[in-house]
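In the text below, chain A, chain B and the rest are named by the order of the sequence lines, each starting its count at 1.
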Number of protein chains: 4
Amino acid sequence: MTSQPRTAAATRRDELLATAAQVFARQGYDATTVREIADAAGILAGSLYYHFDSKESMLDEILSGFLNELWTGYDAVLAAGLGPRETLEALVVESFREIDRHRDAVAIYQRERHLAGQPRFGYLTDSMNRFEAAWQGTLERGVAEGAFRADLDLRLAYRFVRDTVWVAASWYRPGGRHDAGEIARQYLSMLLDGISTTHQ
Amino acid sequence: MTSQPRTAAATRRDELLATAAQVFARQGYDATTVREIADAAGILAGSLYYHFDSKESMLDEILSGFLNELWTGYDAVLAAGLGPRETLEALVVESFREIDRHRDAVAIYQRERHLAGQPRFGYLTDSMNRFEAAWQGTLERGVAEGAFRADLDLRLAYRFVRDTVWVAASWYRPGGRHDAGEIARQYLSMLLDGISTTHQ
Amino acid sequence: MTSQPRTAAATRRDELLATAAQVFARQGYDATTVREIADAAGILAGSLYYHFDSKESMLDEILSGFLNELWTGYDAVLAAGLGPRETLEALVVESFREIDRHRDAVAIYQRERHLAGQPRFGYLTDSMNRFEAAWQGTLERGVAEGAFRADLDLRLAYRFVRDTVWVAASWYRPGGRHDAGEIARQYLSMLLDGISTTHQ
Amino acid sequence: MTSQPRTAAATRRDELLATAAQVFARQGYDATTVREIADAAGILAGSLYYHFDSKESMLDEILSGFLNELWTGYDAVLAAGLGPRETLEALVVESFREIDRHRDAVAIYQRERHLAGQPRFGYLTDSMNRFEAAWQGTLERGVAEGAFRADLDLRLAYRFVRDTVWVAASWYRPGGRHDAGEIARQYLSMLLDGISTTHQ
DNA sequence: CATGAATGAGACTTCATTCAT
DNA sequence: CATGAATGAAGTCTCATTCAT
């Protein structure tokens, strides 16, 4: 009778996850009650448990789903054999694309970073480590090849770049004045050249 | 015999607030139980209510106390009659000084920004507005006077600068490799001149 | 299959309210714990909050429910166009009927009169005012028409009548020696004619 | 050095008890916090424990103090060898005198009648029994001697008389339009002769 | 798939009471 | 006598979760 039950169910799950992500992003995971998610989805709280094991597993799916897609994009960039400056540009562009597509998940990820300590969310720590390796490695290559300034503390520079990009998720709204690509371009321009007109 | 009773009571409150801020910063406000704060302070949960009305009022005092000190510093900078570039530099330095002194409060402030919607925390919204006015005004003056690049979207630039500075509270630990002044100097260098060696 | 879901839910609420009223009447509102109500109802304390917002809202529903029914009865009496003596008799009879049907609510109402000061229970004050108007107006008409003694202070007489009737709720038990109608008759006899054999 | 330490201390106790009685009467015993009593007395909550063992012992002293004085008055009346009607009149007058002098204690006594079940307050039960014996005995003598109507249920009549008198404590304010004696006279008139002009 | 009622653990908070000063 | 700080028990309420229908 039903054509693709698995697909239909998966679609319903995704809808519910998107709803949950929206509420988590707005209020924070802890401050969100299962009932609020259910209200936003138009069902009763108990009914969510037909689809998900627990509130935590919703969070889990949201975060791991986002990170999977993120790393698909990042890995493509890192495997492309670009120079350090081009790699950094591509990573920034890719990051804003992910923010555009997974805004809520990114916001949650930023806010609930402390979850990385729990076994269930160990993949967050893994991701953070790969993340640091990718960005800091790119910066180091850039310094070595003369593309980036050599007088900077690279750990500070890494954090500067990282935060600069990802915190944008906390204010970015799709459909605003600029699309994700334009924002990426402006950010890159500031990041690479600074905002000052006179360079020492 | 007793030296300063008023000071003694104020000191105890401040100690407890510092303890609470530490726990809030580590775990998040919602995920923190009153009992955890009390444990960290070496008293029983109920005893906190001799000093404070509620968990929320602890948060309130932490945030408003921080913002009061922040604005004392900012107002001094803004009243000094400096040029835009010097103003921006002074604001960044002052910000890192505040991060150094109120690390926990800053981290809480970053994470619990959504509180601004509640009447009790309306002063957060006020502060954010004054904040935007101060920074964005400085950027505009800088563009007008030729100190900052004119080809940037100023709202984006404002967010870039703002986030860049404040997110540092999430990883800054006093007593680390660099002191707050050194970090400010490096951040300013990246912000103003960019990380690239070749400027277009 | 299911007969009347709305009725079923309303019935459950009413059962729980009746249970709560019983405990409140026995021990007083303040001295009653939510757990005692739940125990009496055979559920856990937390489960009450599926049906009611708070302990106070249970009290609210008990009192307002009672007063609504009371005023339905009183208004019918007052609208019947009876003479003052017949009106007073009908009010007393109606009062004892309400005591019979809402014994617990009446006892609570007597004991927790001080609630009238709180905004949420402002309707208690309203009811008390209407109450006074109804009874004292009847007494005044009776004096004017010669049915009641003219030598009495009417405010005192009003209180005498009022207290006389309603305090009965504190000892009345349905199924006792006399039914409500018989008690009303004896009270009316004492009230109207006194307990003395020789009248001056 | 101090002239009468015992008397001074006793005076302070009495002041505090009067304050406590006032608050208990207004809000009810359970709804009153020790801190509210202390506030009303202008001291801190802990300081009350220099004078009293516990909140309950304050209540105890208030109630037993009142009952002691009440029974001194009642016993004098009952020992005077009066006829039933004169006895009833004297008891009513004495009761209003006690209400006048111990208004708060009487109000508390009315409201917290359920305490009679606790061992510590067993004297309340004793007092109630003596009370019932005194009043109902007087009524019975009156019926036997033809002073009171024989067609009434005496238990109902007893309750009618009892409640009628004592509930007055809930609204009586000293210094009002009528003094206690005048109120007693009017109450007696209604009680004995009724409020109707035509007697059957 | 969803509902409605309930569970049970745990949260925040209150408050009578204690005690060193 | 009084204070100020703390205790510890208990109370109201929340909320993730379960389950029969």
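When each of A/Gly42 and C/Leu16 is assigned the nucleotide of DNA chain E with its nearest heavy atom, A/Gly42 is the one assigned upstream, toward the 5' end. Residue whose closest nucleotide on DNA chain F sits further toward the 5' end, between A/Asp53 and B/Gly46: B/Gly46.
Nucleotide F/dA2 holds its P atom 11 Å from the CZ atom of D/Phe52, rounded to whole Å. Whole-Å rounding puts the C/Lys55 NZ to F/dA10 P distance at 16 Å. One atom, CG of B/Leu59, and another, C1' of E/dC12, lie 15 Å apart when rounded to the nearest Å. The CD-P distance, from D/Glu15 to F/dA2, rounds to 10 Å in whole Å. Atom CZ of C/Arg13 is separated from atom P of E/dA6 by 13 Å (rounded to the nearest Å). E/dA16 atom P lies 14 Å from atom CD1 of D/Ile43, rounded to whole Å. Rounded to a whole Å, the CG atom of C/Leu48 is 17 Å from the P atom of F/dC15.
Nucleotide E/dG4: paired with F/dC19 (Watson-Crick or G-U wobble, both distances less than 3.5 Å).
In this structure, A/Arg12 reaches the E/dA2 phosphate: one of its side-chain N or O atoms is under 4.0 Å from OP1 or OP2. OP1 or OP2 of E/dA2 has not a single side-chain nitrogen or oxygen of A/Tyr50 nearer than 4.0 Å. Contact check, C/His51 against E/dG4: no side-chain N or O comes under 4.0 Å of OP1 or OP2. OP1 or OP2 of E/dT3 lies within a sub-4.0 Å distance of a side-chain N or O belonging to A/Ser47. The side chain of D/Tyr49 places an N or O atom within less than 4.0 Å of a non-bridging phosphate oxygen (OP1 or OP2) of E/dT17.
Looking at A/Glu112 and B/Arg111, a side-chain N of the basic residue comes within less than 4.0 Å of a carboxylate O on the acidic one, giving a salt bridge.
Atom CZ of C/Arg35 has 12 or fewer neighbouring heavy atoms from other residues, nucleotides or ligands inside a 6.0 Å radius.
Residues of residues 20-39 of chain B that place a heavy atom closer than 4.0 Å to DNA chain E, in numerical order, are B/Thr32, B/Thr33, B/Val34.
Within the nucleic acid shown, C/Leu44 comes within 4.0 Å of at least one base atom, counting heavy atoms only.
With rounding to the nearest 0.5 Å, the separation of CG in B/Leu48 from CG in B/Leu16 is 6.0 Å.
Inter-residue side-chain proximity for B/Tyr29 and A/Asp30 is flagged as unmet; no heavy-atom pair is nearer than 4.5 Å. Side-chain contact between D/Asp60 and D/Tyr123 is present, with heavy atoms from C-beta onward closer than 4.5 Å. Here the side chains of D/Thr33 and D/Glu36 are in contact, with some heavy-atom distance below 4.5 Å.
In the model, C/Gln27 has no side-chain atom that pairs as donor or acceptor with a side-chain atom of D/His114 under 3.5 Å.
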